[in-house]
Every structure is written in structure tokens, then in C-alpha cells.
Amino acid sequence: MTRSVPMHRALRVTLLAAAVATLGTLTPYLPAATAAAAQSSAAIAWQEASGDADIDRAFQQAAAEKKPVLLYWGAKWCPPCNQLKATLFNRADFIEQSRAFVAVHIDGDNPGAQRLGARFKVRGYPTMILFNNQRQELTRLPGEADAAQVLQVLQLGLARGRPVKAVLADAQAGRKLSASEWKLLGFYGWDTDEQQLVPASQRPALLARLAQASQGVDDDTSTRLWLKALASAGEGGQPPKADAALRARIDKVLADPAASRVQVDVIANSADDIAVALAPTAGPDRQALITRLDAALKRFQADATLSRADRLQALLARVELARLDQPKTELRPKLDPALLAEVKAAAARTDQEATDGYERQAVITSAAHVLGRAGLWTDSDALLKASLAKSHSPYYLMSYLGGNARKQGRTEEALRWYEEAFNRSEGPATRLQWGSNYLGALVELTPQDSARIEKAASQLLAEAEKDKGAFYERSARSLQKVGSQLTAWNAKGQHADSLKRLRAQLDGVCAKQSEASDKAVCEGLLKKG
């Protein structure tokens, strides 16, 4: 998912977590080839949607067949989307389960896809939403969950048939909920909620209240809600009070291999946030907690029932914990040599063993990111460059190479990679996103190069003119980012001539917009100061 958070948090969604024993029998990770063989030539009967008519047709079918609808929103380049393809959508049991619902796929680069994104309030890739056939949203599936967990949460949502919004309202009103209903809240896709249930800043407090209210019904779910409350505090809002009882609960979970395995996704994805929430200041207490977290993460790394992505996430979490009391921007952190050796070995193993194209797109940039966070920049660059020819979306890897060079002050190299990534990117929404990233790099790194900046901006406006969904959701945010960058670039009027020409071009684009909402977004991009 793409959010305004530090890169290691944005990557967390690419590293999907483990099956959860509280929802059923633990199912080990199946490599893509094994899963594909298991399901033979069967496949999910996805219905592609590009507009309202496609959605209406799917819901009409669902009503006629008395089936729910599963909507999957994703993109070709998106690592967690590729992880779903490698570990969930090719599973025989998921394919069989898919016969019970109408499966709708919205590729973010389809014509009209971004309009549908605005309709369903979906932003981050991937988002999966379960609806009943009356078009009521039942639940959002957890983006951090692995194949087995997603399948079981899906079954739970299908079985309950009650919108999660109604379940939450009952919980907040103090009404009695069943253990299954508490699980529905515990495993709700809070990261893709898009403020449907609660504003992000209020999420930690809500989750803490739910954790308290669920105690005595399902202890594992209560623990998950506490952990989610602690983890979400890293993204805004105040964490729950870290009293002795809460610390004791978390310590007990970390010390118990079975109990920590149940909560593996939250622990591995948010270990550093949990550490800061429970031990806000550096010192002996925080270090003791880090040691306990690290021990649990080591177990996850060695757990063969976890996917390669999950084990890599556990290693990333260990690196982040080791960096916790060092400057956040430190390029070469002081890490234990043994940990550095583990990072190098894991990256090499990932490169060698991940041969499926979908899985490689999901894990190679993650492995490169772990190398970078460990200060092993040469290794990170080498892994990315060697993987370009093996990727179906090499522009995603090129962006990482640009980011690596940018962090290390290699300006021209960074700009070359960003430009090539933009030039190689495919799909209208993707091109606007990659183009805005390239423009942002130009403005930051070479603000004096007016000709290059104006050329890039003009190209983006020309592409927006051809894209009917340019002023919705992700595409609109990409263009708004461009507008903000250009406005800041001309803050003192030093590039007034360039802005005048770009505004004239934009006026022509806006004049062609037939809908008032499109025109309003368009006209707001480059307001005159």
C-alpha cells in the first residue's frame, strides 16, 4: 500500500504473514509451483471491471445467484499483489472457495479504474473487500495476512454475513459479541480501512477499547487487538497506556513459541512500533524488550511453515530493532556482524530460490531494502540490477535503484534511474505515479534545471489529458503532488515563465473536462499565488 510512512513500513504489506491457529488448522506455506500443481488447470473466474456498468453487472449476477462479491483492487507492478498471486490466488482451496462468490478484479491501470477506486474508497494496492449481494460491505480482508489466513478470514466473513460496521457499533455500545464476531474485528483490514470505520488518528484508542472489551471472550483476539493498538500508534495517534498488565501480556506472548506464532503478522510487521509504544525511551527496559522481540523474530526466520516473504520480514524487523536507537537517516548503522552476515545470506538465498515471476516481484525489492537498511548498499544495488531482466515490471526495481543512489548523494545516477523508470512504466495511473516521482526528484536534486523540469511536467499534463481517470484517486494524488512540487519550486517567482507556460497547458486540459468534479481537481493543481 502506498502511504506517507517510512519506507520500511510501506514495504510491510509486501511481506505477508502467517496462518493463524485461532482461525483453524495451521496451513504451511506452499511454493507457487506446488500450489499451481495442486490446482492443475483450474483458476478463479475473475470478472474484469473498468466502470460502473461492470460492477453493476457483477452485483446483478450475485443477487441472482445469491452469492456475495469479492472485489480485488491491485496493479501489475505491486509487490503484495504479486505475493497474493504467488501464494493465494493459485491455491486449490482458495479457487474452490471462489466458486461461492462473484470475483471482481479491478486493475488500477484499467480505463475507469481510478473512478471505481473513488467509489469504493480504495487506495492502497492490494485491497480486498467482501460485499453481500445487496452491495453492503461486509469486511476488508487483512492486507498483512497470508494465503491461509486470508482464506479463513474470508470464510468467517461469509459465515457471519453481517457488515463489520454493524459489529463494531455493537461492540462500542457494549452489546455482547460472539467469539467469531470479535475475530472479525481483530482480523479486519485496518490498514486498508481508508477511514471507513474510524479516522486513522483515532485507531489506536479504538483498538485498545476493543481489546479491553474482548477480554474473557477470546484471549488470542484480545492480544491481537492490543498488539494492533500498539502498532498503529506508529502511524498517528496516541498508543494505549503501557501499564504492567499490558507489558506482562506481551512478554508472555513473546516467550511462548505457539502464542507468538499466532500473532506473527503483527509482531513481524510492527516490532519497532511495539517496542517504542511499550518502552518510549531508550534504556535498559527498551533493550530488554528488544531482546525478547528479537528472539521471537529469530524463531519466525527459522519457521519452515512461513513463506519466504514472511521470513524475510522477520529479518527486516530485527534490523529495524537494531537501528532503533540510532539516527533514522543513518546510511551505515552499527549492527552486529552476525546480523549483517544473516542479511547477506538471506538476500542471496532469496535471489537463488525465488524463481516464480510473481514471487520475485514480491520479494526481491524487499531483500534489497533489507540490505539497504543494514547499510549494505553495494549488495542492494547489485541484487536489483541483476533482477531487472527477470522482472515483468522492471521500472519498480529502477525506482529502488534511484532511491538508493539518492540516499547516497549520487544525484545524476538517481535521476537517470528515475527517468528510465518513468519511461519504462506502463499504464495510465502507473505512469502518472512514476512521473510524479521523477519530477519530485528533479525539483529536489536539480531545481536549477528549468528546461528539464518543465519538459517532465508538460509530459505529465499531456498524459493526464488523454486519461479519463486522471482526476480520481491515485492518479489525482499523483497530479496534486506535481502541482505542489511545482508551486514550491516557484515559491519566489524565479521560474514564473515556466509556470506560466504550464498553466496555459493545464487550462487547455481543464477546459476539456466535462464533469464538474474533474474540472475542479484539474483547476486546483496550479493555482496562481
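What's counted below: heavy atoms across the whole structure, side chains too, no hydrogens, waters or symmetry copies. Remember, it's a predicted structure, so these values are computed and weren't measured experimentally. This chain uses plain numbering: 1 for the first residue, then up along the sequence.
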Consider only side-chain N and O atoms of [X] and [Y], and report whether a donor and an acceptor are under 3.5 Å apart.
X: Tyr418; Y: Asn437; result: no
X: Gln155; Y: Gln97; result: yes
X: Arg308; Y: Thr350; result: no
X: Ser399; Y: Trp417; result: no
X: Ser458; Y: Gln505; result: yes

Which pair of heavy atoms, one from [X] and one from [Y], lies closest together, and at what distance?
X: Ala171; Y: Leu210; answer: CB-CD2, 3.8 Å
X: Ala347; Y: Leu383; answer: CB-CD2, 4.4 Å
X: Gln301; Y: Ala314; answer: CG-CB, 3.9 Å
X: Ser380; Y: Gly372; answer: CB-N, 4.1 Å
X: Cys510; Y: Lys519; answer: O-NZ, 2.9 Å
X: Gly427; Y: Asp109; answer: C-OD1, 3.2 Å

Salt bridge or not between [X] and [Y]? Use side-chain N to carboxylate O under 4.0 Å.
X: Lys512; Y: Glu465; answer: yes
X: Lys468; Y: Asp518; answer: no
X: Asp56; Y: Arg135; answer: yes
X: Arg452; Y: Glu419; answer: yes
X: Asp351; Y: Arg360; answer: yes
X: Asp107; Y: Lys76; answer: no
X: Arg162; Y: Asp170; answer: yes

[atom1] of [X] to [atom2] of [Y]: how many Å apart, nearest 0.5 Å?
X: Trp182; Y: Arg224; atom1: CH2; atom2: CZ; answer: 14.5 Å
X: Leu486; Y: Leu439; atom1: CG; atom2: CG; answer: 5.0 Å
X: Leu525; Y: Arg503; atom1: CG; atom2: CZ; answer: 11.5 Å
X: Ser425; Y: Gln433; atom1: OG; atom2: CD; answer: 9.5 Å
X: Glu413; Y: Arg416; atom1: CD; atom2: CZ; answer: 6.0 Å
X: Ser478; Y: Glu463; atom1: OG; atom2: CD; answer: 11.5 Å

Taking the six-membered ring for Trp, are Tyr396 and Trp434 parallel (under 30°), tilted (30 to 60°) or perpendicular (over 60°)? tilted

Could you tell me how the ring of Tyr125 sits relative to the ring of Trp73: parallel (under 30°), tilted (30 to 60°) or perpendicular (over 60°)? tilted

Side chain [X], main chain [Y], donor-acceptor under 3.5 Å:
X: Lys67; Y: Arg99; result: yes
X: Arg431; Y: Phe422; result: yes
X: Arg203; Y: Val198; result: no
X: Thr192; Y: Gly189; result: yes
X: Glu359; Y: Ala354; result: no
X: Gln263; Y: Asp220; result: yes
X: Gln114; Y: Arg474; result: yes
X: Arg373; Y: Ala368; result: no
X: Ser393; Y: Tyr395; result: no
X: Gln61; Y: Arg57; result: no

Using a 4.5 Å cut-off on heavy atoms from C-beta on, say whether the side chain of [Y] contacts that of [X].
X: Arg311; Y: Asp303; value: no
X: Leu168; Y: Leu206; value: yes
X: Arg140; Y: Asp191; value: no
X: Leu506; Y: Cys522; value: yes
X: Asn404; Y: Leu384; value: yes
X: Phe187; Y: Thr139; value: no
X: Ile106; Y: Glu48; value: no
X: Phe131; Y: Gln136; value: no

Apply side-chain hydrogen bond (donor to acceptor under 3.5 Å, both in side chains) to residues Ser366 and Gln313 and explain how you reach the verdict. CA-CA 8 Å; Ser366 299; Gln313 171 61 41; over 6 Å; no

Of Asn82, Asn90, Val363, which is the lone residue that meets side chain to side chain contact (heavy atoms under 4.5 Å, CB included) with Tyr358? Asn82

Hey, does the Lys NZ or Arg CZ of Arg477 hover above the aromatic six-ring of Tyr472, less than 6.0 Å from the centre and inside 45° of the axis? no

Could you please spell out the steps behind the side chain to side chain contact (heavy atoms under 4.5 Å, CB included) verdict for Val122 and Leu116? CA-CA 8 Å; Val122 291; Leu116 291 178; over 6 Å; no

Would Tyr72 and Phe89 count as a ring-ring contact (aromatic ring centres under 6.0 Å, His included) here? Give the steps. CA-CA 11 Å; Tyr72 160 57; Phe89 295 158; 5.0 Å; yes

Please evaluate residues Ser475 and Asp467 with respect to the criterion side chain to side chain contact (heavy atoms under 4.5 Å, CB included), reporting the C-alpha separation (whole Å), side-chain torsions for both, the decisive distance (0.1 Å), and the verdict. CA-CA 9 Å; Ser475 294; Asp467 178 11; 4.2 Å; yes

Sequence neighbours excluded, which residues qualify as side-chain contact (heavy atoms from CB on, under 4.5 Å) partners of Ser50? Asp54, Asn110, Pro111

Does His105 form a side chain to side chain contact (heavy atoms under 4.5 Å, CB included) with Gln47? I'd like the steps, not just the answer. CA-CA 6 Å; His105 173 223; Gln47 297 186 21; over 6 Å; no

May I have the step-by-step check of side chain to side chain contact (heavy atoms under 4.5 Å, CB included) for Phe120 and Leu71, ending in yes or no? CA-CA 10 Å; Phe120 291 112; Leu71 184 148; 3.7 Å; yes

Could you check whether atom CZ of Arg119 has more than 12 heavy atoms from other residues, nucleotides or ligands sitting under 6.0 Å from it? yes

